[in-house]
Amino acid sequence: MAKYDHKTIEEKWNKVWNEQKINTVDTKNASKPFFNLMMFPYPSAEGMHVGNMYAFTASDVYGRFKRMQGFDVFEPIGLDGFGIHSENYALKIGRHPKEHARITEENFYRQLHMVGNMYDWSKTVETYNPNYYKWTQWIFIQLFKKGLAYRAKSEVNWCSKCKTVLSDEQVLGDKCERCNTVVIKKSLEQWFFKITDYAERLLKNLDWIDWTSKIKTIQKNWIGKKTGYKIKFDDLEVFTTRPDTLHGATFLAIAGHEDKFTGKKVTNPATRVKIPVWEAEYIVADYGTGVVMGVPAHDERDMVFAKKHGLEIVDMQPDEAMKKYAVEYVTYHLRDWLISRQRYWGPPIPMINCPKCGWQPVPEDQLPVLLPDIEDYQPKGEGKGPLAGHPEFYKTTCPVCGGSAERETDVSDTFLDSAWYFLRYPSAGIDGKPWDKDLTNKWLPVAMYTGGAEHATLHLMYTRFITMALKDMSYLDFEEPFQKFFAHGMIIKDGAKMSKSKGNVVNPDDYITKFGADTFRLYLMFLGPVSAGGDFRDSGIEGMNRWVNRIVKHIDLQLGKTSNNDQLVSRGLHKFIKRATEGLESRKNNLLIAGAMEFLNLVESQKAILDSSQWTIFIKLVAPLAPYLAQELWNRLGNTGLVHSQLWPEYDPKMIIDEKVTVVVQINGKVREKFEIESDNAGDEAFIQHLALESAKVQNYLKGASYRTIFVPCKLINFIVNTK
RNA sequence: GCGGCGAUGGCGGAAUGGCAGACGCGCUGGCCUCAGAAGCCAGUGUCCGCAAGGAUGUGUGGGUUCGACUCCCUCUCGCCGCACCA
């Protein structure tokens, strides 16, 4: 028997599928739209590693399942290739970011073709294409017009290695999200988006959106709503959660670079005592009111501060009456989104600064503001990006007064590129507008979004904000972008995180070439639930390859033979349908594979010959996981057309009940005897009790003692012996 | 410190409160082979036993229940998010 030749077979079906454009969705006329989206990939090196492949496959399996359930599944793909992650890698290997993007795109798309995902290749989106970032700039302008984009000087995060500012979300602990350099604070004038205006809505909607609870919790913590009080000390307002300790306040503290007395004194409204106002390092400027009342007797940090600087300490007990000086006030941990970056590889911020008229948006008919091709694209590091060295780029005229003016030379954050890409997909290729409203309403919000949990406070927060803002400007009719979000797990290698420095990065290409896309997909999905990720081990994939060959061998051997199987096999198949359906819906693809293996084991142990309709069901069930294998076998069984557009099989509820069941006899909860019983009798308590009492073993345990029984139909009978 | 998640054989993992360890990997023995590879068959939580069988067993300690991997409480460990947050 010839082995399953995955290479030839995959090539054959790829050719047929591409010619027939089977994955191209008629976005206008689809009757049961289902937008199945995978989180936008952002390659940091040239290609994909096995972790990316895992996530994409998990998403694709779900999409294929939904397609077989009769939905018009739209599964697009693209590349988030603009931005600091791609740029840093390009800088590292000394290649122009634009050239790097071209190479990455080619390689990335080649790999995605290899793994057999059902992408609609007619609607790809790449963030660095001018016909895309034109609209990224357009969104910036809409936010500016709405008052949601503003320029301000403040203490911002600065990465000295990436030589740019970063948003709060891009600082992990105290390090740069991209390069792990410790981030310092710098006082710079920058562009911000007013995401804080949406803090309450971002929080409230978490109550109803259907997302993984883990992500919701992280977002909730990040938004960090806290209800407290404001109390006036003359012209200064403090924020506190403990107004009942007001009479113990002996100083006020405002944010500063060092601890020092400001020279100013204010009145404690409760005690009428004049107390000093200090600058203190431990105060966070933009939390609450940025002013704290120091109550040494009640707060450890205040005590440390008071002792250190010899401030008065007043002993006291909390007093609810103090609340009369306080006004309730809500504050959030969330800060505004710092959007400008002093870098090259991003969309230029479409703003013009006129000495007379101030900041003006670039007129929309002049978009896009093209990113110029320059050779000195390396970051500069003086609070200015590479474009600031190019007067031919920034010298322009004011759109209002026509006088000479200068363009903004910073580019926008990558996360703005990816904050709206899903809106572009259904309308990809359409000119003159960012998206077609009818298409958008047909396909969005996204029905199923699969992605990594690490984006809880980054991408997933930004997209929600941008969607809400666009809704408020009437560009959209919905305010939450993703109906469902499912967080997939991570793939590790031999117990450790994959990283270049450890040298344990798995390149999927080698495995797909050696074992084929189907074995590779099955192996990844068999590791465990999609939410859990898994550990990639070479030994496991060989086992999966054996199983693929076993399926093929079985079906080939049975072709043309007269079927011969009984109720046991037939019931096994229905049980498999049930398990497969439940497994896919709950993203536990491992359960489907285990079910398929069990069924094949049953067929072998029974030496059963299945008829082609039975094999057809089997093949349909494995089709979402093993697309080439399923199509090939579908064909060998004499079927025509596409297995992937067949309807998903339904099980017969009568057929998932076994003809015979094992009923267990317990004595005081311990299993002592088992009976194989016809299902019809297994619910008959008197019958089973009688049967149990006939058993010598049971009699031996009972020894004539009195007892009562618990009976669970079809499962067990438990004798509880009375002990005196 | 605050918040979340998790802990089941050598490994990945299964189990609507009802036979723990499905399925797979690995391992052991056998068949086949000159030999190997592949394939096939059998076994595989731990302890006692030739076996039949018994005892024990889901991180710790308790609770609820006829019955707990599953529900409740305590603790330990691990992972993740936030944090001079007033």
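Keep in mind that the numbers below use all heavy atoms, side chains included, and drop hydrogens, waters and symmetry copies. Throughout, a chain's letter reflects where its sequence line sits, starting with A, and its residues are numbered from 1.
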With a 3.5 angstrom cut-off on both distances, give the Watson-Crick or G-U wobble partner of B:rG59, or none if there isn't one. B:rC75
Near RNA chain B, counting only heavy atoms under 4.0 Å, which residues of residues 245-256 of chain A show up? none
How would you label the contact of A:Ile218 with the nucleic acid (heavy atoms, under 4.0 Å): base, sugar-phosphate, or nothing? sugar-phosphate
Tell me: CG of A:Asn601 to P of B:rA42, nearest whole Å? 11 Å
Under 3.5 Å on both distances, the Watson-Crick or G-U partner of B:rG26: B:rU44
Is the shortest side-chain heavy-atom distance between A:Thr227 and A:Glu328 below 4.5 Å? yes
Watson-Crick or G-U counterpart of B:rA15, or none if no pair lies under 3.5 Å: none
Classify the side-chain pair A:Tyr511/A:Asn545 by whether it contains a donor and acceptor separated by less than 3.5 Å. no
Does the side chain of A:His333 get closer than 4.0 angstrom to OP1 or OP2 of B:rA83 through an N or O atom? yes
Using a 90° cut-off around 0 for syn, call B:rG26 syn or anti. anti
On a whole-Å scale, what distance lies between the C1' atoms belonging to B:rC75 and B:rA7? 14 Å
Between B:rG61 and B:rU56 - P atom distance, rounded Å: 15 Å
Can you tell me, in whole Å, how much space there is between the P of B:rC71 and that of B:rU58? 15 Å
What's the NZ-P distance between A:Lys216 and B:rG4, to the nearest Å? 15 Å
Using whole Å, what does the distance between atom P of nucleotide B:rG24 and atom CG of A:Leu625 come to? 16 Å
Between A:Lys670 and B:rU56, is there a contact of a side-chain N or O with OP1 or OP2 at under 4.0 Å? yes
Hey, what's the ring geometry for A:Tyr707 with A:Phe719, parallel, tilted or perpendicular (30° and 60° as the breaks)? perpendicular
Assign A:Ile593 to base, sugar-phosphate, or nothing according to its heavy-atom contacts below 4.0 angstrom with the strands shown. nothing
Quick check: on RNA chain B, is the nucleotide nearest A:Met597 upstream (toward 5') of the one nearest A:Ser213, or the reverse? Name the residue that is more 5'. A:Ser213
What interatomic distance, in whole Å, is found between P of B:rC82 and the corresponding atom of B:rG45? 44 Å
Going by an N to O cut-off under 4.0 Å, is there a salt bridge joining A:Lys230 and A:Glu237? yes
Grab the CG-P distance between A:Asn668 and B:rA55 for me, whole Å please. 12 Å
Could you list all the side-chain hydrogen bond (donor to acceptor under 3.5 Å, both in side chains) pairs where at least one residue sits in residues 686-697 of chain A, not counting sequence neighbours? A:Glu673-A:Ser695, A:His690-A:Glu694
Side chain of A:Val664 only, please: which of B:rC84, B:rG3, B:rC19 is the nearest? B:rC19
Closest non-hydrogen atom pair, A:Tyr54 against A:Pro529: OH-O, 3.6 Å
Euclidean distance, atom CE of residue A:Met461 to atom P of B:rG81 [Å, nearest integer]: 15 Å
Start at the 5' end of RNA chain B and walk down; is the nucleotide closest to A:Leu527 or to A:Gly543 reached first? A:Leu527
Between C1' of B:rC82 and NZ of A:Lys225, the distance in whole Å: 18 Å
For B:rG67, which nucleotide is its Watson-Crick or G-U wobble mate, given both distances must be under 3.5 Å? none
Does B:rA51 have a Watson-Crick or wobble mate here (both distances under 3.5 Å), and if so which one? none
For A:His488, all residues meeting side-chain contact (heavy atoms from CB on, under 4.5 Å), sequence neighbours excluded: A:Met38, A:Ala55, A:Thr450, A:Val530
Would you classify A:Arg550 as touching base, sugar-phosphate or nothing, given that sugar-phosphate means primed atoms plus P, OP1 and OP2, and contacts are heavy atoms under 4.0 Å? sugar-phosphate
Which of B:rC19, B:rG54, B:rG4 is nearest the side chain of A:Thr217? It is B:rG4
Between B:rG4, B:rA55, B:rC23, which nucleotide has the shortest distance from any of its atoms to the side chain of A:Arg672? B:rA55
Quick one: look up who B:rC2 pairs with, Watson-Crick or G-U, both distances under 3.5 Å, and put none if it's unpaired. B:rG81
For the base of B:rC82, is there a side-chain donor-acceptor partner from A:Asn221 under 3.5 Å away? no
Between CD1 of A:Ile215 and C1' of B:rG3 the distance, given in whole Å, is 14 Å
Distance, P atom - from B:rC69 to B:rG9, rounded to whole angstrom: 14 Å
In the structure shown, which nucleotide is the Watson-Crick or G-U wobble counterpart of B:rC31, with both distances under 3.5 Å? B:rG39
Measure from the side-chain heavy atoms of A:Pro529 and tell me the nearest of B:rG13, B:rA22, B:rG18. B:rG13
What's A:Glu542 touching, base or sugar-phosphate or nothing? Going by heavy atoms closer than 4.0 Å. nothing
Pairs involving residues 584-598 of chain A, ordered by first then second residue, that meet salt bridge (Lys or Arg N to Asp or Glu O under 4.0 Å) (sequence neighbours left out): A:Lys66-A:Glu585, A:Arg579-A:Glu598
Nearest-neighbour nucleotide for the A:Ala594 side chain, B:rC23, B:rG18, B:rA14 considered: B:rC23
Could you check how far CZ of A:Phe515 sits from P of B:rA38, rounded to whole Å? 12 Å
Given A:Leu246, A:Asp302, A:Ile313, A:Thr240, the one that forms side-chain contact (heavy atoms from CB on, under 4.5 Å) with A:Val295: A:Asp302
A:Lys674 (side chain) and B:rC19 (base): donor-acceptor pair under 3.5 Å: yes
Could you check which of B:rG4, B:rC84, B:rG39 has an atom nearest any side-chain atom of A:Val284? B:rC84
Distance between P atoms of B:rA22 and B:rA14 (Å, rounded): 13 Å
Mind checking A:Trp547 for me? I need base, sugar-phosphate or nothing, with any heavy atom below 4.0 Å counting as a touch. nothing
Sugar-phosphate, base or nothing in reach of A:Ile710, heavy atoms under 4.0 Å: base
Whole-angstrom distance between B:rG30 and B:rG78, as gauged at atom C1': 43 Å
Listed partners of A:Glu659 passing salt bridge (Lys or Arg N to Asp or Glu O under 4.0 Å), at least two apart: none
For B:rU16 and B:rC11, measure between their C1' atoms and round to the nearest Å. 29 Å
Residue pairs fulfilling ring-ring contact (aromatic ring centres under 6.0 Å, His included) with at least one residue in residues 215-234 of chain A, sequence neighbours excluded: A:Trp222-A:His333
Does a side-chain heavy-atom distance below 4.5 Å link A:Ile209 with A:Phe482? no
From C-beta outward on A:Phe526, which listed nucleotide comes closest to its side chain: B:rG3, B:rG12, B:rC40? B:rG12
Out of B:rG3, B:rC82, B:rU16, minimum distance to the side chain of A:Lys715 belongs to B:rU16
Phosphate oxygens OP1/OP2 of B:rG26: is one of them under 4.0 Å from a side-chain N or O of A:Arg546? yes
